[in-house]
Amino acid sequence: MSDTPSDTRKPGGRESLDFLREIVKRDTLSGAYGGRVATRFPPEPNGYLHIGHAKSICLNFGIAAEFGGCCHLRMDDTNPETEDMAYVESIIGDVRWLGFDWGNKLFFASDYYERLYELAVRLIKDGKAYVDSLSEDEIRRHRGTIMEAGRDSPWRDRSVEENLDLFARMRSGEFPDGAHVLRAKIDMAARNMKMRDPLLYRIRHASHYRRGDSWCLYPMYDFAHPLSDAIENITHSICTLEFENNRAIYDWLVDNLFPEPRPRQYEFARLNLDYTVMSKRKLLQLVEESLVSGWDDPRMPTIAGMRRRGYTPEGIRLFADRIGVDKANSRVSMELLEDAIRDDLNARAPRVMAVLRPLKVTITDFPEGKVEWLESPYWPRDIGKEGSRKLPLAREVFIERTDFSEDPPADWLRLAPGGEVRLMNACIIRCEEVVRDTATGEVTELRCVHDPDSPGKPPGGKKKKKTAAIQWVSAAHAVPAEVRLYDRLFTVPDPEAAEEGKTFKDSLNPVSVEFLRGCLLEPGLANASPGERFQFVRHGFFIADAVDSRPGIPVFNRIVGLRDAYARRIRQRADSLLTGPSRIG
RNA sequence: UGGGGAGUGGUGAAAUGGAAUCACACGUGGCUCUGACCCACGGUUUCCAGGUUCGAGCCCUGGCUCCCCAGCCA
C-alpha cells in the first residue's frame with residue numbers, strides 16, 4: 001500500500017477500532033488461526049466497480065495489511081450468463097489503481113468448479129444434499145412464505161445412489177435447463193427462509209467466459225462462496241448486511257465440509273452516497289440508455305468515472321477511512337467525499353490561473369506591445385512547496401466576468417466601477433470605464449489603469465483586507481480551452497427511493513454537466529499532459545481529461561470546486577429576500 | 001403477523017458501567033495576493049417508557065421506527 005501523508009490522517013489517530021478490526025484483533029490475539037489473517041474481495045465480474053466497492057476494498061485490503069495478512073482478489077464467477085472478461089479486466093485495473101496489491105492471490109471461483117463438484121458429491125454421499133426435480137415454479141410454491149413453513153419436495157428422499165447418478169448426468173449434459181437442481185437437505189420449515197433446502201447447483205447450458213462449454217452445471221453463490229473462502233483458507237469473510245441471513249448456509253456448508261479453524265462471515269453496512277445511485281443494475285441502465293457517456297463518465301460513482309473525473313486513489317482511501325464502518329444502514333453526504341478529495345489535492349495540485357467566463361480588460365496606461373514577465377509561485381505559502389513560472393502581463397487581459405460587478409454589495413472585494421482589485425501575482429488595477437454593447441447593454445470591456453509599482457509589493461500595511469486578488473490571463477498569450485463543470489447526477493439525495501409511478505431516472509439532474517468552450521488558460525497549460533491535475537485558483541481542482549485533452553487543445557474536467565463562503569452568503573441573502581418579506585403576516 | 005439486523009448533533013462514526021468525543025456540514029470571529037487552506041469559538045445530551053446501580057449511550061424489561069429474507073442473481 002502507500003504511505004502518503006493522506007493515509008495517516010485518520011480521524012482521531014484511530015485509537016479505537018471498528019467492530020471488524022476488533023474481531024480480527026481478538027482472533028489474532030487468541031491465535032484462532034495461528035495468528036494468520038486472510039481476507040478477500042470477491043466481486044462478480046458482471047459490472048464495473050463503484051465507490052461502494054471501494055469501501056469494501058479498502059476494508060478488506062486495509063485489514064489484511066494492518067494485521068500482516070493478505071487479501072485475495074477473487075472473481076465470484078458462478079453465473080455464465082452475465083459475466084465477461086472485460087469486467088474482470090476493469091475490476092483488476094480499478095483495484096490496482098486504488099493502490100492495492102494482491103500479489104499472486106488472484107483467484108476465480110470458476111477455477112474451483114471441479115473441487116466444488118466433488119464437495120457436492122460428498123454432501124450427497126453424506127445424505128445432506130439431493131437432486132430435486134420439481135419445476136422452478138413448484139419449488140417456489142413448496143418454499144412457503146415468511147409466515148408458513150414450506151413443504152418437503154417429493155424428491156427429497158431419493159437414495160444416495162439415485163442422487164449420485166442424477167447429479168453426474170446433470171453434469172454430463174443429459175438434461176435441459178431447469179430439469180433438476182441440487183439442493184441442500186436442511187429444513188423446509190426453517191424460520192430463516194434461506195435455510196429451506198437452498199439450491200446448490202442449477203443446469204445452465206451456457207458458455208462461460210472462462211470455462212467455455214466444459215460445464216453446463218453451475219454452483220449457486222450460496223454454495224460457491226463459502227466453499228471458495230474455505231478452499232483459499234480465508235479467515236475473515238467480510239460482506240454486506242443483506243447476506244446476514246445467508247450466513248446460516250455459510251456455516252452449515254463449511255461446518256459440514258471443512259475442519260476448524262474455518263472462515264467466518266461478518267457483515268457490515270454497505271455505502272450509500274447522497275445524490276447518486278449505487279446499484280449495478282441502475283448504473284448499467286444509465287450506460288445502456290446513454291443517459292451518461294459510459295462507465296467512465298465523470299459523473300458516475302464508478303471507480304472508472306471517478307478516475308476520469310480526477311479523483312485520486314489517496315482521496316478515495318481517505319474518504320473510506322473517514323466514513324468508518326458499522327452495521328447501521330447509513331447514507332453519506334457528498335461533502336464528505338468531496339472534502340476528502342480536496343484535502344488530498346490541496347497539498348499536491350499546483351495553483352495556476354484560468355478564466356472560465358472571460359471579460360476583457362484593457363489597461364490603458366500600459367504601453368502597447370509591452371510584455372512584462374512576472375514570477376508566479378505554484379504554491380501558496382502554507383503548502384511549503386517550491387516552484388514557480390513566469391506569467392506575461394500585457395495591455396489587454398481577461399478576467400472572470402463574475403469578478404466584476406456594476407452594482408456591488410457592500411462587502412464586495414472584487415472589481416467595480418471606480419474600484420480597485422489586485423491581479424493575482426501582478427499589479428493593482430482601477431476600473432475607469434465600462435464599455436458596453438450598444439444594442440444589448442452587455443458589458444464587453446473594462447478600461448482600467450494600473451499601479452506599476454504594485455507588483456511584488458506587500459499589501460502595504462493595510463490591517464483589513466479591502467480588495468480581492470483575482471485570476472487573469474494575458475489576451476495575447478492565453479490558451480483557449482474547453483472546461484467541463486460536473487455536478488451531482490441527481491437532484492434528490494436518494495434517487496432509488498422514487499415515488500409511485502416514477503423511477504430513479506426521473507430525478508436525473510438536467511444540468512449535471514456544463515461544457516464551457518471559450519475558456520482561457522495561462523500559457524503553460526497548453527501542454528498539460530492528460531491526467532495532470534491543477535488547482536485553477538478560486539475555482540477548484542481540475543484535470544486534463546484523459547480521453548479528450550491533447551497538447552495544444554486542452555480539455556479540463558472540474559474534479560471538485562473550492563469551498564466558497566462568499567457564494568454561500570450571497571445565496572442565503574437571496575433566500576432570505578425571497579422568504580423574508582412574505583412572512584410578515 | 002415469522003426470522004435476521006439496526007437506532008448517538010444535519011451526516012458518518014467514537015465512547016467496551018465513571019465527566020458524551022472526532023470528522024464533514026452549519027454559524028460566528030480571526031488570518032490571507034485564492035472570499036481557498038489554516039486557526040478559534042458555538043450548537044446534541046444518546047428512539048421512547050420503566051428498572052438495576054453511588055453512577056447507564058453501554059446492563060435488564062416493555063414498546064416504537066427503519067432495513068434485509070419467500071431468484072434455478074450475487
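Within every chain, numbering begins at 1; the chains are lettered A, B, ... in the order of the sequence lines, protein sequences first and strands thereafter. Because the structure is predicted, anything quoted here is derived from the model rather than measured.
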| note | Quick note, A/Glu335 side chain, CB onward, closest among B/C24, B/G35, B/A13 is B/C24

| Polar side chain donor-acceptor pair, A/Gln471 to A/Arg538, under 3.5 angstrom | yes

| task | Answer yes when A/Asp111 and A/Arg210 have at least one side-chain N-carboxylate O distance shorter than 4.0 Å, and no when they do not. | result | yes

| said: Just the rounded figure in Å: distance from P of B/A14 to CD of A/Glu22. | reply: 10 Å

| request: Ignoring hydrogens and angles, state whether a donor on the side chain of A/Thr467 or A/Glu420 is under 3.5 Å from an acceptor on the partner side chain. | output: no

| query | Is it true that the side chains of A/His539 and A/Glu400 contain a donor and an acceptor less than 3.5 Å apart? | reply | yes

| request: Taking only the side-chain heavy atoms of A/Pro380 (C-beta and beyond), determine which of B/U34, B/G7, B/A15 contains the nearest atom. | output: B/U34

| request: Using the P atom as the reference point in each nucleotide, state the distance between B/A49 and B/C68 in Å, no decimals. | output: 28 Å

| remark: From CG of A/Leu413 across to P of B/G35 the rounded distance in Å is 8 Å

| query | Hey, does A/Leu562 reach any base, or is it just sugar-phosphate, or nothing, if we go heavy atoms under 4.0 Å? | reply | base

| field | Rounded C1' spacing from B/C47 to B/C64 in Å | value | 7 Å

| query | Taking a pair as Watson-Crick or G-U wobble with both distances under 3.5 Å, which nucleotide is matched to B/G2? | reply | B/C69

| How far does the P atom of B/C37 sit from the matching atom of B/C24, given to the nearest Å? | 10 Å

| task | Under a 3.5 Å limit for both distances, which nucleotide forms a Watson-Crick or G-U wobble pair with B/G42, could you say? | result | B/C26

| When you compare B/U46 with B/A15, how far apart are their C1' atoms, in angstrom units rounded to a whole number? | 11 Å

| Conformer about C1'-N of B/G9 - syn within 90° of 0, anti elsewhere | anti

| Should B/C54 form a Watson-Crick or G-U wobble pair with both distances under 3.5 Å, which nucleotide is its partner? | B/G18

| query | Side-chain donor-acceptor pair under 3.5 Å between A/Arg158 and A/Ser133, yes or no? | reply | yes

| task | Would you classify A/Gln535 as touching base, sugar-phosphate or nothing, given that sugar-phosphate means primed atoms plus P, OP1 and OP2, and contacts are heavy atoms under 4.0 Å? | result | base

| query | If you check the A/Ala468 side chain, which of B/C33, B/G35, B/G7 turns out closest? | reply | B/G35

| message | Parallel, tilted or perpendicular: which one describes the rings of A/Phe534 and A/Phe556, with boundaries at 30° and 60°? | response | perpendicular

| said: Distance check, C1' atoms only: B/U44 and B/G57, in whole angstrom units. | reply: 13 Å

| message | In whole Å, I'd like the distance from the CD atom of A/Glu148 to the P atom of B/G2. | response | 14 Å

| query | Taking the nucleotide of RNA chain B with the closest heavy atom to each, which residue, A/Glu244 or A/Asp411, is nearer the 5' end? | reply | A/Glu244

| In B/S/- notation, 5' to 3', how is nucleotides 67-74 of chain B contacted by protein heavy atoms closer than 4.0 Å? | SBSBSBSB

| Between B/A23 and B/G62 - P atom distance, rounded Å | 40 Å

| query | Does A/Arg322 pair with A/Asp339 as a salt bridge, N-O distance under 4.0 Å? | reply | yes

| query | How long is the line joining CZ of A/Arg563 and C1' of B/C38, in whole Å? | reply | 11 Å

| request: Looking at every strand, decide which applies to A/Trp379 at a 4.0 Å heavy-atom threshold: base, sugar-phosphate, or nothing. | output: nothing

| message | Any base atoms under 4.0 Å from A/Arg568, or only sugar-phosphate, or nothing? Heavy atoms, all strands. | response | sugar-phosphate

| field | Out of B/G27, B/A6, B/U34, whichever nucleotide has its closest atom nearest the side chain of A/Gln572 | value | B/G27

| said: Pairing check on B/C31: which nucleotide meets the Watson-Crick or G-U wobble criteria with it, both distances under 3.5 Å? | reply: none

| field | Distance, rounded to the nearest Å, where A/Met353 contributes CE and B/A36 contributes C1' | value | 15 Å

| Length of the line joining A/Tyr566:OH and B/G27:P, which is rounded to integer Å | 15 Å

| request: Find the distance A/Lys25:NZ to B/U16:P and express it as a whole number of Å. | output: 13 Å

| request: Check the distance between B/A13's C1' and A/Leu271's CG and give it to me in whole angstrom. | output: 13 Å

| field | Separation between the C1' atoms of B/A14 and B/C22, rounded to whole Å | value | 7 Å

| field | 5' precedence on RNA chain B between A/Lys55 and A/Leu336 (nearest-nucleotide basis) | value | A/Lys55

| said: Could you walk me through whether A/Asp344 and A/Arg317 satisfy the side-chain contact (heavy atoms from CB on, under 4.5 Å) test, starting with their C-alpha distance in whole Å, then the side-chain angles of each, then the deciding distance to 0.1 Å, before giving a yes or no? | reply: CA-CA 10 Å; A/Asp344 180 52; A/Arg317 279 189 260 137; over 6 Å; no

| request: Taking only the side-chain heavy atoms of A/Lys327 (C-beta and beyond), determine which of B/A6, B/U34, B/U1 contains the nearest atom. | output: B/A6

| query | Where the side chain of A/Arg538 is defined as all heavy atoms beyond and including C-beta, which of B/G35, B/A36, B/C33 is the nearest nucleotide? | reply | B/G35

| query | Which value, in whole Å, describes the distance between the P atoms of nucleotides B/G71 and B/C58? | reply | 39 Å

| query | Do A/Asp229 and A/Tyr250 meet the criterion of a side-chain donor-acceptor pair at a distance under 3.5 Å? | reply | yes

| request: Go through A/Glu66 and A/Arg21 one step at a time and tell me if the salt bridge (Lys or Arg N to Asp or Glu O under 4.0 Å) criterion holds. | output: CA-CA 9 Å; A/Glu66 286 159 35; A/Arg21 277 173 244 254; 2.7 Å; yes

